[in-house]
Amino acid sequence: MTSCRLNLFPIELIQNLFEYFSTYEIFFSFINVSSYIDTIIFNYPDYRLDLKSIRRKQFDLICQHLIPEQVISLVLVDDGDTPGLVQLFLSRFEFNRFIRLQSLTLIEIGPKYWQTIISNLNHLRILKIYPSKSYCWKSRFLMRKDKDKFEKLILTNCNVLRICSLKYIDTKQLSQLRHLIVKGEDLLTIQSILPIASQLRSLKITNISLDTSLLTELICPFITLNRLTLEFSEGAVFIDYIERILFNAPNLKHFELVADLNDKSIINGERWHDAVKNLTTFNFKFQLTFDLKPNDLDTYRTHFWIEEKRWFVAYQNSCLYSVPYFLETETDEDFEYPEFSTLVDNQLFLDRIKKFTINILLCDCKYQFNFVEDLFIPFVMPALTLRKIVSLNSIRYLTVRTVNSIIELQQLIQSLPNLCHLKIRFFENDFSEEYSCQPMINIRKLHIQNHISLKHRIIQQLAVAFPNVEHLSIETCCQGNNILQSLKKFSCLSTASFCYSDRHVLNQFLQTNSVDFHYRYDNFSIYLWI
């Protein structure tokens with residue numbers, strides 16, 4: 001190692017600098033710069049390790065240098081971008097060594113790993129669990145082997161908790177809890193822990209299946225609550241219940257409510273005045289069982305709503321909702337402004353659209369959407385046509401139902417400078433005569449949905465057309481068992497997934513090639529982390 005100017009900086013300044021880098025960036029950029037910097041790196045006590053969408057080589061470098069005792073924040077993911085990561089991570093580290101871990105986020109990780117991961121984390125203050133989409137969380141559907149071996153988690157010092165169900169938690173230990181997000185089937189459990197969680201500041205309950213008796217249980221003092229979110233999935237709510245809840249939360253400043261309502265008094269903005277006058281934010285989305293007339297929003301156009309609070313509402317398709325909080329972000333060529341609104345300028349309704357779908361062959365849209373990031377088109381359309389509807393500079397995700405010509409696709413992609421994710425549902429032909437077109441170098445994520453099997457020759461042609469793809473997903477059966485050779489044509493590939501119609505062939509593939517990647521599979525799909 002040679003001397004460097006960084007050696008002139010004090011340790012505290014270098015450590016402050018590390019706060020602006022990821023764990024991988026610290027190891028990759030600073031290790032072996034100098035012995036002085038190495039000493040700081042291996043004694044830095046506040047590593048925040050986020051493994052979302054990490055590349056396998058980056059993961060291996062981190063594992064080579066990471067000291068678990070120095071990690072205070074950890075995000076573990078086992079999704080399509082990092083298949084099998086959690087199993088590999090647990091094979092590299094014993095979790096009881098993460099003695100200083102304060103924040104833990106688990107994404108797409110099932111309960112079978114929770115006990116191994118969370119046991120003995122005595123300093124854990126923040127726990128967030130985002131369950132797998134393929135896993136059913138209702139207790140009657142839990143696999144018996146998980147139920148039999150699973151013990152309740154003890155989180156004595158936890159103050160932030162996001163979890164699918166409180167039945168996994170020793171609720172008697174939640175005296176330090178300040179922030180809780182949980183599903184509605186635990187409504188009674190929530191009511192029982194409120195006296196214990198005496199420091200609770202924010203509470204979010206989603207997917208509440210309305211039962212009047214349960215809601216009555218919820219109407220109890222929320223003395224410490226500053227923020228409350230209630231999302232009802234079914235059943236009509238009466239405004240009387242909401243008023244009683246707000247009355248019992250004297251320090252509440254932020255309230256969010258999603259519900260079906262058949263109480264016509266809800267449309268009277270003056271009725272809400274006393275209940276919400278002390279709130280800083282009040283966002284709601286009410287699905288009504290009755291229709292409104294133009295003058296029904298007049299009570300929401302008062303000085304209190306417009307000038308004092310600057311709370312605006314709109315009405316469309318029997319839904320009364322707060323603007324801009326609950327504005328639609330997805331639409332198609334049939335977009336129409338809300339029937340009624342308290343906004344003066346309707347441009348906001350256009351500017352909030354992030355996903356736009358064109359369903360018909362000749363789209364005659366009346367409006368221009370300047371901030372669309374996700375675009376769906378039925379076939380490869382001329383850029384000139386699309387430019388009349390959306391701003392091409394904003395498009396980052398493109399889905400094409402049918403591609404007839406790879407050359408036409410390439411011409412369109414040239415007009416989308418920020419496009420990085422391409423999804424093709426069907427190739428009309430295999431473009432065998434035109435795959436030598438100019439490479440589409442800006443595509444990083446490629447998703448193919450074909451109803452027929454893809455030959456390896458086609459996959460190799462895709463590697464030429466899309467040389468910088470990092471994530472490849474093929475939702476169709478791939479012929480043969482030498483697909484890995486075809487995938488190696490993608491020089492930047494980090495993850496890949498595809499289907500096999502024959503389980504025997506799939507098993508043969510895994511036995512032959514498992515040393516080249518880490519993987520997980522379900523049914524007849526396999527997910528590779530390369």
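Rounded to the nearest 0.5 Å, atoms CD1 (Ile54) and CG (Leu49) are 6.5 Å apart. The CD atom of Gln70 sits 10.0 Å away from atom CD1 of Ile99, with the distance rounded to the nearest 0.5 Å. Between Leu446 atom CG and His471 atom NE2 the span is 12.0 Å, to the nearest 0.5 Å. Here the straight-line distance linking atom CZ of Arg227 with atom OG1 of Thr281 works out to 5.5 Å at 0.5 Å rounding. The NZ atom of Lys489 sits 12.0 Å away from the CD atom of Gln461 when rounded to the nearest 0.5 Å. The CD1 atom of Ile448 sits 9.0 Å away from atom OG of Ser473, with the distance rounded to the nearest 0.5 Å.
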Original post:
Could you go step by step and tell me if Ile530 and Arg56 meet the side chain to side chain contact (heavy atoms under 4.5 Å, CB included) rule?
Top reply: CA-CA 6 Å; Ile530 302 171; Arg56 177 61 186 274; 5.9 Å; no
Subject >> Residues Leu487, Leu528; criterion side chain to side chain contact (heavy atoms under 4.5 Å, CB included); working and verdict >> reply: CA-CA 10 Å; Leu487 294 179; Leu528 311 179; 3.8 Å; yes
Original post:
Taking it one step at a time, do Asn251 and Leu225 satisfy side chain to side chain contact (heavy atoms under 4.5 Å, CB included)?
Top reply: CA-CA 6 Å; Asn251 294 309; Leu225 269 192; over 6 Å; no
**OP:** Verify side chain to side chain contact (heavy atoms under 4.5 Å, CB included) between Lys204 and Arg162, making sure each step is shown before the conclusion.
**Re:** CA-CA 9 Å; Lys204 181 175 181 178; Arg162 184 198 189 281; over 6 Å; no
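A donor-acceptor pair under 3.5 Å is absent between the side-chain atoms of Thr224 and the main chain of Gln199, judged by distance alone. Formation of a donor-acceptor pair under 3.5 Å by the Arg396 side chain with backbone atoms of Asn393 is not found in this model. In this structure a side-chain-to-backbone donor-acceptor pair under 3.5 Å is missing from Asn418 to Ile395. Of the possible polar contacts, one joining the Ser405 side chain to the Glu408 backbone as a donor-acceptor pair under 3.5 Å is found.
The local environment of NZ in Lys354 is crowded, with over 12 non-hydrogen atoms from other residues, nucleotides or ligands closer than 6.0 Å. Counted within 6.0 Å of CZ on Phe28, heavy atoms from surrounding residues, nucleotides or ligands total 12 or fewer; the atom is thus considered open. Shown here is Gln368, whose CD atom has more than 12 heavy atoms of other residues, nucleotides or ligands within 6.0 Å. Atom CG of Leu17 has more than 12 neighbouring heavy atoms from other residues, nucleotides or ligands inside a 6.0 Å radius.
Contact check for Ile41 versus Phe18: side-chain heavy atoms found under the 4.5 Å cut-off. Under the 4.5 Å side-chain criterion, counting only non-hydrogen atoms from C-beta, Phe490 is in contact with Leu462. Between Phe27 and Tyr47 the shortest side-chain heavy-atom distance falls below 4.5 Å. Here the side chains of Arg178 and Val160 are not in contact, with every heavy-atom distance at 4.5 Å or above. Looking at Glu231 and Asn207, their side chains never come closer than 4.5 Å, going by heavy atoms from C-beta outward. Residues Leu61 and Lys57 fail the side-chain proximity criterion, which asks for heavy atoms closer than 4.5 Å. By the 4.5 Å heavy-atom criterion applied to side chains, Tyr44 and Ile14 are not counted as neighbours. Considering only heavy atoms from C-beta on, Asn468 stays 4.5 Å or farther from Asn442 through its side chain.
Residues meeting the side chain to side chain contact (heavy atoms under 4.5 Å, CB included) test with Ile11, sequence neighbours left out: Gln15, Tyr36, Ile40.
When each of His421, Glu475, Lys423 is paired with His447, the side-chain hydrogen bond (donor to acceptor under 3.5 Å, both in side chains) condition holds for Glu475 and for no other. For the side chain to side chain contact (heavy atoms under 4.5 Å, CB included) criterion with Ile377, the lone passing option out of Thr399, Leu398, Ile389 is Leu398.
Salt bridge Glu69/Arg100: absent, no basic N to carboxylate O contact under 4.0 Å.
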Validation: residues 73-92 side-chain donor-acceptor distances under 3.5 Å, sequence neighbours left out:
residue	atom	partner	partner atom	Å
Asp78	OD1	Gly84	N	2.7
Asp78	OD1	Leu85	N	3.4
Asp79	OD1	Asp81	N	3.1
Asp79	OD1	Thr82	N	3.3
Asp79	OD1	Thr82	OG1	3.2
Asp81	OD2	Ser53	OG	3.1
Thr82	OG1	Val77	O	3.2
Ser91	OG	Leu88	O	2.5
Arg92	NH2	Asp60	OD1	3.3

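The shortest non-hydrogen separation linking Cys492 to Pro467 is SG-O, 4.0 Å. Considering all non-hydrogen atoms of both residues, Val403 and Ile406 come closest at CG1-N, 4.4 Å. The heavy-atom pair separating Ile413 from Met440 by the smallest distance is CD1-SD, 3.3 Å. Residues Ile37 and Phe30 approach most closely at CG2-O, 3.7 Å, considering heavy atoms. Nearest heavy-atom pair, Arg48 versus Thr23, reported as atom, atom and distance to 0.1 Å: O-OG1, 3.1 Å. For the residue pair Ser415 and Leu392, the shortest heavy atom distance occurs at O-CB, 3.5 Å.
Taking the six-membered ring where tryptophan is involved, the planes of His65 and Phe42 are tilted, since the angle between them lies from 30° to 60°. Between Phe98 and Phe93, the ring-plane angle classifies as perpendicular under the 30° and 60° cut-offs. Ring orientation note: the planes of Phe369 and Phe356 are tilted relative to one another, at an angle of 30° to 60°.
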